[in-house]
Amino acid sequence: MIRSEILKEIAPILRDQLVVCNIGIPSQELHAIDDQPSNFYMLGTMGLASSIGLGLALAQPKPVVVIDGDGSILTNMGTLPTIANNVANNYILMIIDNGSYGSTGDQPTYTGKKTSLAKVAEACGCERVVECKDVDTGAVLQDALDSGEMTIMVVKCDSGNAKMPVITMDPVVIRDRFMKAVQA
Amino acid sequence: MSISSKIVDDVVAAGIAFVTTVPCKQLAGVIDEVEARPEIYHIPSNKEDEGMGLCAGAFMGGKKPMIIMQNTAIGVTINTLATLTQFYRMPLPMLISYRGELREPVACQVEMAVHTKALLNQLLIPTFHFHKEADAEELPEILSYTFMCNKPVAILTDASFWGGYGDQ
Ligand SMILES: Cc1ncc(C[n+]2csc(CCOP(=O)(O)OP(=O)(O)O)c2C)c(N)n1
Ligand SMILES: [Mg+2]
């Protein structure tokens with residue numbers, strides 16, 4: 001499965017959660033599949049989805065699901081020790097590990113080679129780390145939500161992108177409606 | 001009362017409850033104070049752009065955030081300041097040690113000092129410079145200004161403000 005197929009499958013779970021979504025095509029896909037005020041789309045700033053989500057989870061009690069990418073985690077690898085040492089049990093970091101920089105044309109990342117993000121997360125001190133296959137994403141995500149424990153998911157899937165339109169919504173609108181959903 | 005505890009008193013009084021830090025020798029006292037206050041969730045970050053991401057999330061979660069960092073981090077945070085903090089219009093007070101000014105013992109620090117104000121200026125970031133201890137009297141106003149205008153705001157604190165570098 002490619003990322004967009006996974007997002008289609010888990011959309012019914014995501015629509016009831018606060019979601020922080022990775023820059024580029026991941027956000028475009030989520031936006032096209034099931035736009036919700038409770039989705040925070042990153043339009044730039046590669047690497048910071050996991051950090052934004054952690055700050056959000058620490059600041060308020062609702063569950064937060066971050067849809068991140070392997071390339072973005074690699075560029076902000078310092079995020080994993082911060083996550084491990086600031087436990088927020090309402091925080092789920094779902095890394096879509098397609099082994100590539102999808103948005104920029106599927107150039108390979110090191111996670112498709114020797115590097116295991118699940119092992120890195122464990123070594124950083126993250127306690128609930130689940131690596132799963134694309135087909136199991138929905139079940140593992142639901143299980144993570146039900147566990148009430150901070151969870152790092154590494155979803156191994158195929159590289160590839162669906163053709164979706166660019167998000168033209170104003171960033172302040174995205175942020176404003178998201179904050180209203182947080183407070184709702 | 002020490003200048004560090006005065007600063008953190010103002011931070012707490014401004015309602016700031018989420019502070020991320022990357023250390024500088026000059027900021028050690030402030031960071032100790034931040035860590036000691038029960039009103040503040042102190043979350044050390046590994047890189048300043050990561051810290052700004054944490055602050056963006058905390059802000060959207062309803063907490064007033066702040067970052068404490070060294071001016072050498074201006075370069076690595078430019079993209080984040082422009083495409084996250086400014087693009088989504090989020091407030092972020094940045095208490096910055098302004099290394100490389102008078103009394104600086106480390107020559108390398110001067111190399112970023114000469115770019116610091118130019119970069120902040122280029123980013124249209126409101127910038128305040130604390131040179132004498134009395135300058136910190138404006139801190140409460142600067143903090144309320146930051147959350148009034150929803151912008152990143154820089155507070156540069158130089159060596160003269162902190163009283164030099166101790167034994168160096
Ligand atoms: C600082 C910076 N460098 C490069 C880019 C270009 N860029 C945008 S998205 C992306 C790929 C992200 O890959 P990943 O996080 O794995 O997400 P995927 O699209 O594969 O799901 C890159 C390299 C950028 N936006 N910012
Ligand atoms: Mg990827």
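Order of the sequence lines fixes the chain letters, A, B, ..., with proteins taken first and strands second; residue numbering starts at 1 for each chain.
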Enclosure of A:Q107 CD (heavy-atom neighbours >12, cutoff 6.0 Å):
yes
Answer yes or no: does atom CD of B:E141 have more than 12 heavy-atom neighbours from other residues, nucleotides or ligands under 6.0 Å?
no
Quick one: do A:M153 and A:Y91 end up in the same hydrophobic cluster if we chain Ile, Leu, Val, Met, Phe, Trp and Tyr together by side-chain heavy atoms under 4.5 Å apart?
yes
Of the backbone (N, CA, C, O) and the side chain (C-beta and beyond), which part of B:F18 lies under 4.5 Å from a heavy atom of chain A, both, or neither?
side chain
With a 4.5 angstrom heavy-atom cut-off, which part of B:P65 approaches chain A: side chain, backbone, both or neither?
neither
Is the shortest heavy-atom distance from the side chain of A:I52 to the side chain of B:L54 under 4.5 Å?
no
With a sphere of 6.0 Å drawn around NZ of B:K64, does it hold more than 12 non-hydrogen atoms of other residues, nucleotides or ligands?
yes
Based on non-hydrogen pairs under 4.5 Å, which of B:T80, B:T20, B:N79 is most in contact with chain A?
B:T80
In terms of heavy-atom proximity below 4.5 Å to chain B, should A:N86 be classed as side chain, backbone, both, or neither?
both
Indicate, with yes or no, if A:V19 and A:I13 share a hydrophobic cluster defined by side-chain heavy-atom contacts under 4.5 Å among Ile, Leu, Val, Met, Phe, Trp and Tyr.
yes
Hey, is CD on B:E138 packed in by over 12 heavy atoms from elsewhere, all under 6.0 Å?
no
Give me the atom names and distance for the closest heavy-atom approach of B:Y88 to A:R175.
O-NE, 3.0 Å
Partner chain A: residue of B:A17, B:G61, B:G62 with the largest heavy-atom pair count (under 4.5 Å)
B:G61
Working to the nearest 0.5 Å, report the span between CE of B:M60 and CZ of A:F40.
4.0 Å
Counting heavy atoms not belonging to B:K47, are there more than 12 under 6.0 Å from its NZ?
no
Single-linkage hydrophobic cluster B:V22~B:L27, side-chain heavy atoms < 4.5 angstrom:
no
Winner by heavy-atom pair count (cut-off under 4.5 Å) against chain B, out of A:M179, A:Q60, A:Q183:
A:M179
Value for CG (A:L48) from SG (B:C55), rounded to nearest 0.5 Å, stands at 11.0 Å
Checking A:L43 against chain B: side chain, backbone, both or neither under 4.5 Å from a heavy atom?
both
Residue pair A:G78 / B:E50: nearest heavy atoms and the distance that separates them:
O-OE2, 3.6 Å
Whatever's closer than 4.5 Å to a heavy atom in chain A on B:Y41 counts as side chain
Quick one: do A:I92 and A:Y41 end up in the same hydrophobic cluster if we chain Ile, Leu, Val, Met, Phe, Trp and Tyr together by side-chain heavy atoms under 4.5 Å apart?
yes
So, A:T45 and B:T83: side-chain donor and acceptor under 3.5 Å apart, yes or no?
yes
Among A:I174, A:L54, A:L58, A:V173, the residue with the most heavy-atom pairs under 4.5 Å to chain B is A:L58
Verify same cluster id: B:L81, B:V153 (apolar side-chain graph, 4.5 Å)
no
Max heavy-atom pair count under 4.5 Å with chain B, selected residue of A:T79, A:L18, A:V20:
A:T79
